[in-house]
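Excluded from the calculations below are hydrogen atoms, water molecules and symmetry mates; all remaining heavy atoms, backbone and side chain alike, are included. Residue numbers start from 1 in every chain, and the chains themselves are labelled A, B, ... in the order their sequence lines are given, proteins ahead of strands.
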Protein chains: 2
Amino acid sequence: MANTPQAGTRERIVRAASLLMQRQGYEGTGIKQVAQEAKATLGSVYHFFPGGKQAVGVAAVQHADQEFADLLSASLSTEADPAKAIAACARELARHLRESGWTDGCPISATALETTGRVPDIEQAVAQAFQHWRDLVATTLREASFPQNDAHDLAITVISTLEGAELTAQVSKSETPLTVAGEHLARLINSYKG
Amino acid sequence: MANTPQAGTRERIVRAASLLMQRQGYEGTGIKQVAQEAKATLGSVYHFFPGGKQAVGVAAVQHADQEFADLLSASLSTEADPAKAIAACARELARHLRESGWTDGCPISATALETTGRVPDIEQAVAQAFQHWRDLVATTLREASFPQNDAHDLAITVISTLEGAELTAQVSKSETPLTVAGEHLARLINSYKG
DNA sequence: GTCTATAATAGGATAGAC
DNA sequence: GTCTATCCTATTATAGAC
């Protein structure tokens, strides 16, 4: 339902913006390009987003937030053991990255780095996304009976490490950073078990 | 000697470009802004960099590569125990990030993400930088008598995790992701000891 | 090596007909 | 809601005097 060609204009715009900003960043993506890719006119973009490019950016980040949260949830629920689940998640990210020709890494990192400290609305949407993802991991760990403090700290490192490993894998055009980091994360998590 | 106001024009341009691209990314930084910040004229920029913006970008990335390598080397050599040294390095990055008002994270991440798959020259300079940093960590670990394979894999995860934790710390405006990740990295490294 | 002026193009944004 | 035309500014890059 989320990926049909018959999607509404607003949704097509958000999806196109999200994809383009994932690959080119916020500054590298033009409103006209978004409109073209979304098969919408410039007038439609400003009709749905009177706030202009910043408003499109916020919606794109929020869309990517939910999309990655879904992927994370799915990945985490395929395995009962959270350590194995995280490692599987890293491999999944590596596969997706490679299959995209090394173009589709974290959907919001580029936008995050370009706008931090300079575009408050986007900054806030980015911070919320990171928090959201961390919470998903923390909840999974707590449900696997990790103490709250350990779960909290491990979730921070899991998301940070996946972010960094995806960046490293992307610029190196290699799955290795993600698979290695996934195994190290599993080892770290297991070292807190029992 | 590297930070004197009497630096040559070319060096001032490279330093200004490196700083601006660290904060705003490659796409978000204009050549005119670089010239202004470097107290040089547009003519001088194109005199030293006939390759235009891309050539400036490559030089900026290479400059940042060396700068971060120096910081890393210094950090790694303050402690004999590599686990403690990495944790100290993470705290050092956190301090620097906070003191800059959360603006100065990894000097090349933004540029890397915006240009990957689209600007081969910059892509290559970025890949070299990551490799360079990883090698510094791997060498440190090998010198501390870690087996070559462990040192290699750990170095990948150390750089990836520092990258991701710095990104997370920056968007969260909190030192916690970096300090927590530093401690987790130390724990991971120690788990390979003996 | 430095400077100013300018070309050529692309950017974000708006107006108003339909 | 959609579309086209257009405004204004900023962008990269070049030319040529000094």
S.K.: Is A:Gly43 touching bases, backbone alone, or none of the nucleic acid, heavy atoms closer than 4.0 Å?
M.R.: base
S.K.: Just one of A:Ile86, A:Leu136, A:Leu188 clears the side chain to side chain contact (heavy atoms under 4.5 Å, CB included) bar with A:Val158, so which one?
M.R.: A:Ile86
S.K.: What is the distance, to the nearest angstrom, from the CG atom on A:Leu20 to the P atom on C:dG12?
M.R.: 12 Å
S.K.: With the side chain of B:His47 defined as its heavy atoms from C-beta on, choose the nearest nucleotide among C:dG1, D:dC3, C:dT4.
M.R.: C:dG1
S.K.: Taking the side chain of B:Lys53 as heavy atoms from C-beta outward, which of C:dT2, D:dT2, D:dA13 is closest to it?
M.R.: D:dA13
S.K.: Using the side-chain heavy atoms of A:Phe48, tell me which of these nucleotides is nearest: D:dG1, D:dA13, D:dT4.
M.R.: D:dG1
S.K.: Please check the phosphate of C:dT2 (OP1 and OP2 only) for any side-chain N or O of B:Ser44 closer than 4.0 Å.
M.R.: yes
S.K.: Could you tell me whether B:His152 and B:Phe146 have their ring centroids closer than 6.0 angstrom?
M.R.: no
S.K.: Scan A:Val180, A:Thr157, A:Asn190 and name whichever one has a side chain to side chain contact (heavy atoms under 4.5 Å, CB included) with A:Leu185.
M.R.: A:Thr157
S.K.: I need the OH-C1' distance between A:Tyr46 and D:dC7, as an integer number of Å.
M.R.: 13 Å
S.K.: Rounded to the nearest Å, what distance is computed from the CD atom of residue B:Glu27 to the C1' atom of nucleotide C:dA10?
M.R.: 12 Å
S.K.: Relative to the 5' end of DNA chain D, which residue comes earlier, A:Leu42 or B:Tyr26, by the nucleotide with the nearest heavy atom?
M.R.: A:Leu42
S.K.: Measuring from the side chain of B:Lys32 (C-beta onward, heavy atoms only), which nucleotide among D:dA13, C:dT2, C:dG12 has the closest atom?
M.R.: D:dA13
S.K.: For A:Gly30, which contact category applies under a 4.0 Å heavy-atom criterion: base, sugar-phosphate, or nothing?
M.R.: sugar-phosphate
S.K.: Roughly, in whole Å, what's the span from CD in A:Gln36 to P in C:dG12?
M.R.: 13 Å
S.K.: Atom CD1 of B:Ile31 and atom C1' of D:dT12: how far apart are they, to the nearest Å?
M.R.: 8 Å
S.K.: How long is the gap from SG on A:Cys106 to CZ on A:Phe130, to the nearest 0.5 Å?
M.R.: 5.5 Å
S.K.: Please confirm whether the shortest side-chain N or O distance from A:Thr9 to OP1 or OP2 of D:dT2 is below 4.0 Å.
M.R.: yes
